[in-house]
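Below is one structure, written out as structure tokens, with a few remarks after it.
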Amino acid sequence: MLRVVVESAKGLPKKSFGNPDPIVSIIFKDEKKKTKSIDNELNPEWNEVLEFDLKVGLISVLAWLSSGQVRSLPSRNVPLVNESGQNIGATINLMIGYDPPANSAPDPNDPQAGDAAMDAGMFAHILSEAYNVSKGCLGQLLDHFNRHPLVNKPQDFQIRVRVIEARQLPGNNIKPVMKVHVCGQTHRTRIRRGNNPFFDEMFFYNLHMLPSDLFENQISFRVYNSYSLRADSLMGEFKVRFHLVLTSSSMSHCVMRKWLLLNDPDDSSSEAKGYLKVSLFVVGTGDEPPAEKKESNDDQDDIESNLLLPAGVTLRRAILSLKVFRAEDIPQMDDAFVQTIKDMFGGVGNKKNLVDPFLEACFAGRKLCTQIIEKNANPEWNEVLNLQAKFPSMCERVKLTVFDWDRLTGNDAIGTTYLNLARIASSGGEIEASTGKSEVGFLPVFGPCYVNLYGSPREFTGLPDPYEDLNYCKGEGVAYRGRILVELSTKLEGKAGKEVDSIHSDDILVVQKYQRRRKFCLCAVFHSASMIEDPGEPVQFEVSIGNYGNKLDTTCKPLASTTQYSCAVFDGNHYYYLPWADTKPVVVVTSFWEDISHRLDTVNIILCIAHRLQSNLEVFNTAILAKQSDNQLVEVWMKLLTQLIEDIESFTTPELEGRPNLTSLDIQLKKLRDHDLTSIKDGARRMAEEAREIRDTLSDIESWVDKLKMLAEEPQNSLPDAIIWMLRGEKRVAYYRVPAHQILFSTYSEQACGQHCGKTQTIFLKYPMDDTKGLKVPVQIRVNMWLGLSAHEKKFNSFAEGTFSVFAELYENQAQVFGKWGTTGLVGRYKFSDVTGKLKLKQQYFIPPRGWEWEEDWFIDPEKALLTEADAGHTEFMDEVFQNETRFPGGEWKPASEPYTDVNGEKSHNPREFECPPGWKWEDEWTVDDNRAVDDQGWEYGVTIPPDDKPRSWAPAEKVYHIHRRRRLVRPRKRLLGDRQDRGDPEGWEFSSLIGWKFHRKERSSDTFRRRRWRRKMAPENQLGAAAIFKLEGALGVDTEEKGSKADSTKLFGANTPTVSCSFDRSYVYHLRVYVYQARNLTSMDKDSFSDPYAHVSFLHVSKTTEKLRATLNPTWDQTLIFNDVEIYGDPQKIAQWPPDVVLEFYDHDQVGKDEVLGRSICAPLVKLNPGMDQTPILLWHPIIQKGQKAGEALVAAELILKNKSDLPLVPPKRAENLYMVPQGIRPVVHLTAVEILAWGLRNMKPYQLASVSSPSLVVECGGQRVETAVIKNMKKSPNFPSSVLFIQVLLPKDEMYTPPIVIKVIDHRPFGRKPVVGQCTITSLQEFRCDPYVISAEGAMSSKMALMRASTSKHLSINMEESRPLLEAQERETVDWWSKFYASTGNQERCGPYIKKGYDTLKVYDTELESVQEFKGLTDFCSTFKLQRGKNLNGDDDPTVVGELKGSFKVYPLPDDPGVAPPPRQFRELPDSGPQECLVRVYVVRGIDLQPKDNNGSVRMNLY
């Protein structure tokens, strides 16, 4: 009999007129029964029993209904839904019970006869009626219970827990570890770093118990901070009972990829302590675990509905009200084809408005969109989006994406940005232990403020955008894409109105004051551009902020935002640079933005404190690594704390009263920052007074640095980044985003100015969407940038260096026709044009900008930076010319119509007519180059196929059908030191064979085009100083006679703007020395596990290369690179303050193929303005970065010496021709050291290239010394080396910080002379192997131990034994066996029999591996085990897997410097024989524990091999 007790209901909704008369209807198996009705009641109570006759057999289904003790299922506060399945807010209380019939037969599968059970279909139907379960879940539930009944008897269960990831864990600089506890068993994850760790680990728990007992057990997840040794290292916990898992909505006894809210176990009402994502499976005998779905996108995932809460924790409902006011500067997204048709029929066209924008807001899986505004690049939506949420929320960000609506195709993303709730809210509530004050807390709030969008370049093309992913914020955006004005507020427990509603007109008026604009001025002076790998087309740089300064954007006034084009020149070694010399290009950009100086001043002040603390922390770390004395460490440590306290007290953040654009978030952040700065200051004071071990304070100081950097993040930064673009021709190649606050000038204080404001900084530009993560650098620039309000522009004069000049320029073009120069042959060009030749200009149309006037008349001034001489930058050059001959097939060879040409077939001079250029000298006569695919006379042959007039391919052997042949004549020349190049044509013409970019100084017979530059200088009318350049706005003038010329040319190539340059009167000559001592832990790039490293060392426009070393990951170059006469323009005092960086790029040399990059390191030189300065550069380890990851370290130093009348330091000693060593005083102090190597043998060597390792030998390298063992003849017969002890004498540094590693290589000797490296190991620290050779330690006494092992025993041995106990009787031997001893040892009283009562000996059973038992010391002997690894695998990928083991050891000890003193005794002596020994090995297989079932029936059939 099924009994349903209908108890009561609560919160029934009212009717339109009056209260309802509620009645309950229960339907079961098509049988319907009702309760009585209760009149006019919203909270009725029935307390009626409705009974249904089952009339079916018995099946055990659920533990709580089949245990015989619990025969009812209480259902409290069951939510009621309407016909549409929506919750109506009312609940009902039921009691569902079951009474078995009196004559029912017992279940044969149930050990408890007569226990109650329920048919699965019946119970599922009840659930469907009571809980409104969907039909799909109903079918799954029915199918599961019919197939897998849970009988209430002890069964085998396997619990599988997968810990995926955690988020928002509290604390700074934490190392979280997760512990999972199930039924008395605990597993833990590996230790991770950070607040959002990714674990992805699976744990198995095998259980044998009653289902009812399993249901009552719980599983706990605990997160600990392993970095902390305190008792409160528990960070958060989540507990759940198994009956919730077994009755989960998945109907599969599992929890799939659910988020768990962690809280304080002692205070369930506390805030969330983080979130944990897990999957949990309960698998019974014969169950197949469900497959996990692929990870969904976090932005698309409905996180709140996928979140499990611990008992007692509730989430508060909240509404995030996002007001979206307007957007501006949206780029063109649609094709102009339709608009062009409208123009043809007289329509009014506006191509900048070819976009139909709307905004989509996404939070925790919920999306809302604004209306679509067609054809508007500056839309005004004025709508509010109400996003429902629950707090505390696991979702951290509100995603805002502006889309372009398309009728036919999918919507295109314009740009994406995020509002990070962690930055615009604070939970607060935590009480400081020392002060008793609580932290500042506030709900998410933002704006009104503009949010900038970044993504792909703004230029629209009809082709697919290769950088489209950047518009979805997948990677760093490379261009400004517009901005949106938004405001966010939060209401708790508020009623949700319309999801999308219009903003009230009063709010629109209020937000107007936040849109007030101020004029900003930006100036950038480019001092150098170097490290260019490919010369290519001429290079130009563009600086923009927002869409101001973008030369291809027509929505703003034309500005002097681009440098002049320049051609790259070879630096004589490896790179190319732009030859700007004493005239540096300058760009000037004026723009209009909101004044948010009160925000950015605070950011710069906090960053200033953080940077000073970071630099002091680096000094402290270096002192610890250098193992300085305690007194020196205390001095450095106290200076760090004192300066931190002084900085926080003196560098106060600005007050907010009377500031414009002030928002409520500004006020809250001000309170939060002041509170945290005070707490850091107080913590520093307590640390200085109470700390006992200063090394232990390192983690706290590092956490302060992280805290300061987090406080410096400004969410309401509406000032766009300044973007520097490198253009080749008219194509954008590389970029760099400079945050505006870093270059912003402030009148509040010096610390409120940006870190790089008015200072020359080094920038490495990046390729857009660079998959190699900066592995290759497009260009390195040195640029001085200044950004400030127009009201403060005169302050720029104090930052400016050099003399600023402003010119208007144009080019006069001519072509050669029939031997005469003129304008008739100009095809597609104009008589006067810009540098590109595509914009028509005339001198009479040039008008100076407002506030400027002409200072001089037009004059000719050749642009030398655009001349592409082939020998530019080279000290040695090879002139070449090709001699050509033709014939009829089978005829005689005769000179061709053009007997001498270049490699491309263009006409060239006769070799006898070549003149040696000024500043050069010939090194040899003209010779035939036969070191090519040619015959013995240097000829190569080809066939001309019309319409071509020369062959496309060449062959080295003559055939009858060949009609053309040529050979290469070469003549080397060398540049004379001190000579300058000639100035070229006296009239200023530049010549080219074709219309394009490649021009040269002197006219050649093949030239058909020439041009020359005209310039006219301008001067400000009423203003003095460099700040006058900020008045340059608008174009100088174009030829408007031709229709459409202005619009088209402006759109394609930018308007004609003035050129600004900064000239320096003199240069300063410096002497640079770079000391490259060694590197360690380099990446293995070769398949033999090693690399052949060398380094390109670059400094501004000069570079040099170290020597190439063979097969090492820890190279020691010990080399000094000397750069003589390096010209640098600028004040030496500023150079000393902000010196250019020395860049070291490390490469792996390959004999075949291109050299591979190992990484890049940067070193700042020590600047000496007086060579007699008593300061010596110190060798320090600098990280080598490869693809954004650390890939080794380099021990380098550099010094930059200003050359004057004083003498330079002595030249370092030479090790070879042009190879200088690191001098004494800089190189590490070394002493003679002995390294003893015990190479015992190899174990577990894996095959290499499908062949087993058969005849290996061992090579040991240290400090440039190398020693090799004898070869093991047969690895299978004896894996030990014939001779075990090796000895090396090497000069090692006394300072452990400089000690080189020991490198172990295993070489396999194979047929045909092949000797591949099949494994290698690097021992970075030698500290553990150092010993005193005169002190006999436990390991040193090994010789006596070995002597005892080898000592022979006597032939006769007598042993006396006293019988203390009688022999076991036969019956007792049967009952007391080895298993009895085993069970007695494990404490199993039931199965050990009388063994314990007899008092027999027991065994010691360990629950871990014997290697983990402390008393066994890892089962080590006189040998240690070193893991061997490989470098790259056959696919070229890194292969760090262990491929074998080396059994051996090392001893490192000093040797006397006096050769007359006797050396200390050897450490490894009287070793046992390393040959094979016969041994009897017994392996006792006792039993298996926790074996994972592989069969569907849950059993394991084990075979042990």
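No experiment lies behind these values; they were computed from the predicted model shown. Computation of the quantities below employed the complete heavy-atom set of this structure, encompassing side-chain atoms and omitting hydrogens, waters and symmetry-equivalent molecules.
Counting heavy-atom neighbours within 6.0 Å of Glu533 CD, excluding the residue itself, gives a total above 12. Crowding of Gln628 atom CD: a count of heavy atoms from other residues, nucleotides or ligands under 6.0 Å exceeding 12. Other residues, nucleotides and ligands place more than 12 heavy atoms under 6.0 Å from the NZ atom of Lys759. Few gaps surround CD on Glu476; more than 12 heavy atoms of other groups in view lie less than 6.0 Å from it. The environment of Ile1122 atom CD1 is dense: over 12 non-hydrogen atoms of other residues, nucleotides or ligands sit within 6.0 angstrom. More than 12 heavy atoms of other residues, nucleotides or ligands shown are found within 6.0 angstrom of NZ on Lys519. Around the NZ atom of Lys795, the shell of radius 6.0 Å holds no more than 12 heavy atoms that belong to other residues, nucleotides or ligands. Within 6.0 Å of the NZ atom in Lys639, the count of heavy atoms belonging to other residues, nucleotides or ligands does not exceed 12.
The pair Asp1141-Arg782 does not count as a salt bridge, with every side-chain nitrogen at least 4.0 angstrom from each carboxylate oxygen. Using a cut-off of 4.0 Å between Lys/Arg side-chain N and Asp/Glu carboxylate O, Arg1073 and Glu1199 are scored as not salt-bridged.
For the residue pair Ser566 / Trp580, a side-chain donor-acceptor distance below 3.5 Å is found, with atom types taken as modelled. Side-chain atoms of His1101 and Asp571 include no donor-acceptor pair closer than 3.5 Å. For the residue pair Thr653 and Lys670, a side-chain donor N or O sits within less than 3.5 Å of a side-chain acceptor on the partner.
One N or O on the side chain of Lys584 and one on the backbone of His527 form a donor-acceptor pair closer than 3.5 Å. Counting only distance, with no hydrogens or angles, the side chain of Arg673 and the backbone of Leu711 share a donor-acceptor pair below 3.5 Å.
Among all heavy-atom pairs drawn from Leu775 and Asp770, the shortest one is N-OD2, 4.2 Å. For Phe620 against Ile694, the heavy-atom pair with the smallest separation is CZ-O, 3.9 Å.
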- Task: Give the intermediate values and the outcome of side-chain contact (heavy atoms from CB on, under 4.5 Å) for residues Lys1104 and Val1074.
- Result: CA-CA 10 Å; Lys1104 287 194 175 184; Val1074 182; over 6 Å; no
- Message: Quick one, Phe541 with Thr562, criterion side-chain contact (heavy atoms from CB on, under 4.5 Å). Give me CA distance, side-chain angles, the key distance, then yes/no.
- Response: CA-CA 6 Å; Phe541 292 97; Thr562 56; over 6 Å; no
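Shown are Val589, Leu789, Ile545; of these, the side-chain contact (heavy atoms from CB on, under 4.5 Å) with Phe520 is made only by Leu789. Here the options are His1096, Gln780, Glu1145, the test is side-chain hydrogen bond (donor to acceptor under 3.5 Å, both in side chains), and the partner is Tyr575; only Glu1145 passes.
The list of salt bridge (charged side-chain N to carboxylate O under 4.0 Å, His left out) pairs with a residue in residues 595-612, not counting sequence neighbours, reads Arg518-Asp595, Arg599-Asp666, Arg612-Asp647.
Here the CG-NZ distance, from Leu607 to Lys709, works out to 9.0 Å after rounding to the nearest 0.5 Å.
The aromatic rings of Tyr480 and Tyr454 sit perpendicular, their planes meeting at an angle over 60°, well past the 30° parallel limit. Between Phe796 and Phe1030, the ring planes lie perpendicular to each other; the angle is over 60°, past the 30° to 60° tilted range.
Side-chain contact between Met785 and Val543 is present, with at least one heavy-atom pair separated by less than 4.5 Å.
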